[in-house]
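Below is one structure, written out as structure tokens, with a few remarks after it.
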Amino acid sequence: MTQYRGIATMEDGQFPLTVGLDDDKLSLVSGEVSLGEWPAGAYLVVDLGEGTFVIEAEESSIPFQPEDPGGFARGLVRETSTEVDEASEPTIAQSPPPKPATVAGFYTLVLVTAALGIWAFLSLL
């Protein structure tokens, strides 16, 4: 479990908070007191910008300012991306080959454009 230290702000003031992130859970600890542990999907972390995040779980919202906001944001992305099943990776299909009429039209346009370019060049001489 990766841990991120920071400050939580509540109505009665600020207190130190350590957020633990794992593949399948989030835990909150202040000092020696565990504030709770939630499985993946039972919590939400919202990035408010400027290094402040809001952790929402069980109808509670805790504003959290980690010591390393960038590291915490990367940890959130890493933890949520490991939850994606490898089998759910999108597959890239190849497009069908162009129809013969499309290929013929393309080369006709190339020849007409080249002929017009040569004609325009010769008219300048």
Side-chain angles (χ1 to χ4, degrees):
M1 178 175 285
T2 307
Q3 297 185 345
Y4 301 93
R5 298 177 195 265
I7 301 293
T9 305
M10 299 299 284
E11 294 174 0
D12 53 345
Q14 294 182 331
F15 59 92
L17 182 68
T18 301
V19 176
L21 288 176
D22 202 348
D23 290 345
D24 58 347
K25 66 184 170 190
L26 173 132
S27 65
L28 301 178
V29 177
S30 179
E32 299 295 321
V33 179
S34 174
L35 302 177
E37 188 173 282
W38 296 270
Y43 65 89
L44 176 66
V45 180
V46 179
D47 184 355
L48 298 180
E50 298 183 18
T52 302
F53 298 82
V54 174
I55 301 169
E56 297 177 353
E58 295 180 4
E59 299 182 21
S60 296
S61 293
I62 300 174
F64 176 61
Q65 293 178 319
E67 292 174 354
D68 179 14
F72 183 67
R74 285 187 299 277
L76 287 172
V77 171
R78 183 176 55 247
E79 299 304 330
T80 56
S81 67
T82 57
E83 295 171 9
V84 176
D85 189 304
E86 294 290 328
S88 68
E89 291 283 328
T91 56
I92 300 174
Q94 291 200 356
S95 64
K99 295 181 179 181
T102 304
V103 174
F106 171 75
Y107 286 115
T108 301
L109 283 174
V110 168
L111 290 173
V112 169
T113 303
L116 288 173
I118 291 170
W119 178 67
F121 177 72
L122 291 175
S123 68
L124 291 174
L125 296 177

Can you tell me how far apart CD1 (Ile7) and OG1 (Thr52) are? Round to the nearest 0.5 Å.
11.5 Å

Interatomic distance, OH@Tyr43 vs CD@Glu37, rounded to 0.5 Å, equals 10.5 Å

Heavy-atom closest contact (Pro98 atom, Val103 atom, distance)
CG-CG2, 3.9 Å

Connected hydrophobic set around Phe121, excluding itself, where side chains approach under 4.5 Å
Ile118, Leu122, Leu125

Which is it for Phe106 and Val110 under the side chain to side chain contact (heavy atoms under 4.5 Å, CB included) test, yes or no, and what are the steps along the way?
CA-CA 6 Å; Phe106 171 75; Val110 168; 3.9 Å; yes

Do Val29 and Trp38 belong together in a cluster built from hydrophobic side chains that touch within less than 4.5 Å?
no

Could you tell me whether the side chain of Val19 reaches within less than 4.5 Å of the side chain of Leu28, counting heavy atoms only?
yes

Rounded to the nearest 0.5 Å, how far does CD of Gln65 lie from CG of Leu48?
9.5 Å

Group every Ile, Leu, Val, Met, Phe, Trp and Tyr by side-chain heavy-atom contacts under 4.5 Å, then state whether Val54 and Phe15 land in the same group.
no

For Gly20 against Met1, the heavy-atom pair lying closest together:
CA-SD, 3.6 Å

For the residue pair Asp47 and Val45, establish whether any side-chain heavy-atom pair is separated by less than 4.5 Å.
no

Could I get the full list of side-chain hydrogen bond (donor to acceptor under 3.5 Å, both in side chains) partners for Ser34, not counting sequence neighbours?
none

Shortest non-hydrogen contact between Phe72 and Pro66, atoms and distance:
CB-CG, 3.8 Å

Any chance you could measure Met10, atom CE, to Leu17, atom CG, to the nearest 0.5 Å?
9.5 Å

What about the rings of Tyr4 and Phe64, do their centers lie closer together than 6.0 Å?
no

